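A short write-up of the structure that comes next.
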Amino acid sequence: MKKLFTQHLRFCPKSGKFIGFKNVQGASKLLLPVLGLIAMIWILIRVIPKPSRLSYPCVQSAIPLAAGFFGYISIAALSTVAFLRSKKSLRYYPLFFVGAFIVFAMNGFHFAPTIVLTSDAKVEANQPFGEAKGIFPGRVVWVHNPNAVNQNCISDELDHAWYMAENNNQGVINGMVSAAIDSLTGSTSDTAAWRKIFQFHNQSRGKGAVNYKAGEKIFIRINICSSWGGNYNPNDLSKVKNDWYGMSETSPAMVLAVLHQLVDVLHVVQSDIYIGDPMKHIYKHEYDQWHSKYPNVHYLDNSGYTILGRENVVPSTTAKIYYSDHGAILRSNVSYPGTTPGPAVYSDNLYTIFETAEYMINLPQLKGHKRAGVTMFAKNHFGSVTRSDAMHMHNGLPAPLEMQNDTSRLGYGKYRIQVDLMTHSLLRKKNLLFLMDALWATDHEQDKPLKWQMAPFNNQYTASVFASFDNVAIESVGYDFLRSEFTIARGQGTFAQMRGVDDYLHQAADSTKWPVGIKYDPDNSGVHIYSLGVHEHWNNAVEKKYSRNLGTGNGIELTAIMQTNATGIHDLQSFANDGFTILGNNPNPFSTSTTISYNLPEKATVEITIYDLQGKAIFLATPGVQSAGKQSFEWNGNVSKGNGLRNGIYIYRVRATATGSGIVYDKSAKMMVRR
C-alpha cells in the first residue's frame, strides 16, 4: 500500500518537501478521496475555533481538495439515489450496479477540481532567491495607522469622496511617511534619514556617497490612470460620476506628505520638484490641494490642459526603451479572438522629464489588476511611454484580454514586460526609494477603495504606507497582501490569484528564471542585470514573517509599524516583537524621575526616545548594547537641553536592534508628568 501511494508523489530534491504528483490522472483516482476527506476534516478543525485561519495559505491550498471531496460525495449520493430508484432489484444485476456505482463515483471524483496539484502554483513560503538590496538588505517597512483615513467614508460619494482632504488626516499621514523613512534607514530623525537615502542611492548608482545638491530635479511619478476623462473631465469644469468615479489611485494626501518631506524637511526648492502621471491629466481636486500649499512646484499634464497653470509634458526623441521580446509578443493592439493582431512593437519613447530629473520617487497605489494580477511600481510605468495609450504593453501580462477572457499567458517562464520596465536605466537608476501608497488599496485598477477583511485591517480601509530600497521585495510584499485578501471567499475581484502573477518578480530577482530565448536588455546596451532584488513569500497572512524575520535566510525583512494614535507619533508595534515587552514606567505619573522597564528577547543595541504629543523628539538616550532579559532606564524628566518638562502626557519609545539576527524590536507607551 505504501508503495502504491508513494510511487505517484513528487518531492523537492533540495528540501524533501512534497510538491505534487507524478501522474495526476492515475494518482487522483486512488489518492484524492482519501486526501479530500483528510483536507475537509483538517479545515474544519482549524477554522471552526478561529475563522480568520481561512486566509492562511495552508488552509487556502487545502480548499480545492476538500471541494473535490465534497463533489465526490455529492456524485456518490446521486449515484445512490439513482440506484435506489432503479426498477430492477439488485439481486438480478449485482455486478452491474455495484460496478457502475463504484466506477461512477470514482470517475466523478476524478473530474472534481484538482488545481492544487499543479507544481506551478509558486507559493512556497520563506524560500528567498535573488540579491537583497538596501541599507538593511531586503527591508520593507510597513506603517499602518487606521486613523490616517476616515473609516466611515463612502469612498465614491460624489461630494465627499475618499480623495478629498476631509477624509484624510494629513498630520497622521505625514507621521507615517516619517516613520517609514526613519525605519528604512535606521535613523532617529527625518533629516538624518534623507541624508542616508541620498548617500545610499548615489553610491549605488556610481556617483559616490554624496548628498542632494540644490538645483537637482526630483520627479514624483504618481498614478492617476482614470484621468483619460474619468471622474472629472480633463477641463475640470464639471463633476461627472461614471463607471470610473472614485477609482483608487495615488492619494493627494500622500503626495502632500512627500512634498512636506522634500520642501519642509529637506529644503528642496519647490521649482526643482515635478509631479505627474505623464500619459494622463492632473485633476482639479488634486491640483487645488497641492498648489495651495506648494505653488511653485511643476504640475505636469498631457494634451494641452494647462488652464490651471499645469504644464505640458514633452515627449523625448532620444529616451527609448527597447523591449526584450524583439517583436514576438508585443503588438500595437490587444486583439480579441477572431481579430487580426497589429504590427509588432519593438520600442517606445519616454518623456523628457525622465531625462532631466536627477531623482524619481515612484508613488503608486497598492491594488490588483485585471490583466496583470497586481499593479505597483513596475506596472505604474505603463503610463511613462509617449503613445496615446499603453494597450500594446498588455500583451506582456498574464491575461492580456483580462482574466475572464484570456488564459493564454498564465503561468511561469514567459516574457514579462514589467521586467523590462524595472530594468531600464532611466526608470531604474533614478528611483531614489520605493514609497508605496496603500491608504486606500483595492482589488483592481478600476475599483473604488475597499475595506479589507484580513488582520489587522478587520473591515477597515488599509490606511498603510510601504517603503523599501528593494523594488522586488516591496512588490513581493504587496503581492502577498493582495493574494491573501482577495480570495474567492472574500467576494471581490480575485485577479491576484491568477497563475503567474509574480512571474515578473521571479525573473526580476533571478536571471536563471528568464524564459528561453529572452535576455532582458531594455537599453539595447548588451549589458544584463541578473538580479534587481529579492523575492519570497511570507509564512502566513497572520504572522506575515519573511526569512530575515525568522532568521532562516537572506530574503525579505518586513518591519511592521502599527500606529494606533491619532497624531502620527511613532507609536510602534512590530510583528518581529516576539518576546519583546514594554513593562511600563514607575512611578507613573511622576514628578522628578521615572524608571522605564522592558524585556529583551536577545542581546541588542538599545535607544530610548521621548516624544511630545506633537510627535517632536525631545530626548534621546542610548544605553547601548544590553543582554537578553529585563532591563531598565532611569529618566530624570529633563529634555535634551536640560529643561524640565511641563505637566502632560508624553510618549516613550524603546527601539532595540538585535546584535545577532539584526531584527528590530520597536514599541512605545505613554507616561504622564505631574508636578
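Position 1 is the first residue of the sequence, and the numbers go up from there. Worth knowing before you read on, the calculation uses all heavy atoms, side chains too, and leaves out hydrogens, waters and symmetry mates. Everything numeric here is computed off the predicted structure, so don't read it as measured data.
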Could you go through the side chain to side chain donor-acceptor pair (under 3.5 Å) check for D420 and S324 one step at a time?
CA-CA 7 Å; D420 270 334; S324 301; 2.7 Å; yes

Donor on one side chain, acceptor on other, [X] and [Y], under 3.5 Å:
X    : Y    : answer
N349 : K320 : yes
W440 : N168 : yes
E536 : S476 : no
D523 : S425 : yes

Examine distances only and state if a side-chain atom of [X] and a backbone atom of [Y] form a donor-acceptor pair shorter than 3.5 Å.
X    : Y    : value
S251 : A253 : no
T352 : V314 : yes
D470 : A473 : yes
H281 : N302 : yes
R331 : V345 : no
N431 : L433 : no
N333 : G342 : yes
S531 : A509 : yes
D502 : L505 : no

Verdict with supporting geometry, W452 and F486, ring pair (Phe, Tyr, Trp, His ring centres under 6.0 Å)
CA-CA 9 Å; W452 286 36; F486 296 111; 5.1 Å; yes

Side chain to side chain donor-acceptor pair (under 3.5 Å) assessment of W142 paired with T559
CA-CA 6 Å; W142 165 38; T559 299; over 6 Å; no

Relative to the ring of [Y], is the ring of [X] parallel (under 30°), tilted (30 to 60°) or perpendicular (over 60°)?
X    : Y    : result
Y299 : Y287 : perpendicular
H537 : H535 : perpendicular
F457 : F481 : tilted

Can you tell me how far apart [atom1] ([X]) and [atom2] ([Y]) are? Round to the nearest 0.5 Å.
X    : Y    : atom1 : atom2 : answer
E249 : E286 : CD    : CD    : 7.0 Å
L482 : E475 : CG    : CD    : 10.5 Å
Y415 : L397 : OH    : CG    : 9.5 Å
R416 : Q507 : CZ    : CD    : 7.0 Å
I329 : K414 : CD1   : NZ    : 8.5 Å
S511 : I518 : OG    : CD1   : 13.5 Å

Could you list the residues that satisfy salt bridge (Lys or Arg N to Asp or Glu O under 4.0 Å) with [X], not counting sequence neighbours?
X    : result
D348 : R387
K448 : D156
D480 : R483

Determine, using ring centers only, whether [Y] and [X] are less than 6.0 Å apart.
X    : Y    : value
F495 : H369 : no
F354 : F219 : yes
Y323 : Y346 : no
H424 : Y322 : no

By the definition salt bridge (Lys or Arg N to Asp or Glu O under 4.0 Å), identify the one residue from K545, R139, R548, K544 that meets it with E557.
R139

Could I get the full list of side chain to side chain donor-acceptor pair (under 3.5 Å) partners for [X], not counting sequence neighbours?
X    : value
T462 : none
S347 : none
S525 : D521

Of N380, N362, T250, the one forming a side-chain hydrogen bond (donor to acceptor under 3.5 Å, both in side chains) with N223 is N380

Between S226 and Y245, is a side chain to side chain donor-acceptor pair (under 3.5 Å) present by the stated rule, with each step listed?
CA-CA 8 Å; S226 74; Y245 179 79; over 6 Å; no

Just wondering, more than 12 heavy atoms not from K429 lying within 6.0 Å of its NZ?
no

Should K217 and E358 count as an ion pair when the cut-off is N to O under 4.0 Å?
no

Salt bridge or not for K367 and E445, using N-O below 4.0 Å?
no

CA sep, side-chain torsions, deciding dist, call: Y520, W514, ring pair (Phe, Tyr, Trp, His ring centres under 6.0 Å)
CA-CA 8 Å; Y520 290 99; W514 292 355; 5.4 Å; yes

Using the rule given for ring pair (Phe, Tyr, Trp, His ring centres under 6.0 Å), can you reason through F382 versus H394, listing the C-alpha separation, both sets of side-chain angles and the distance that settles it, and then say yes or no?
CA-CA 9 Å; F382 271 42; H394 289 84; 5.3 Å; yes

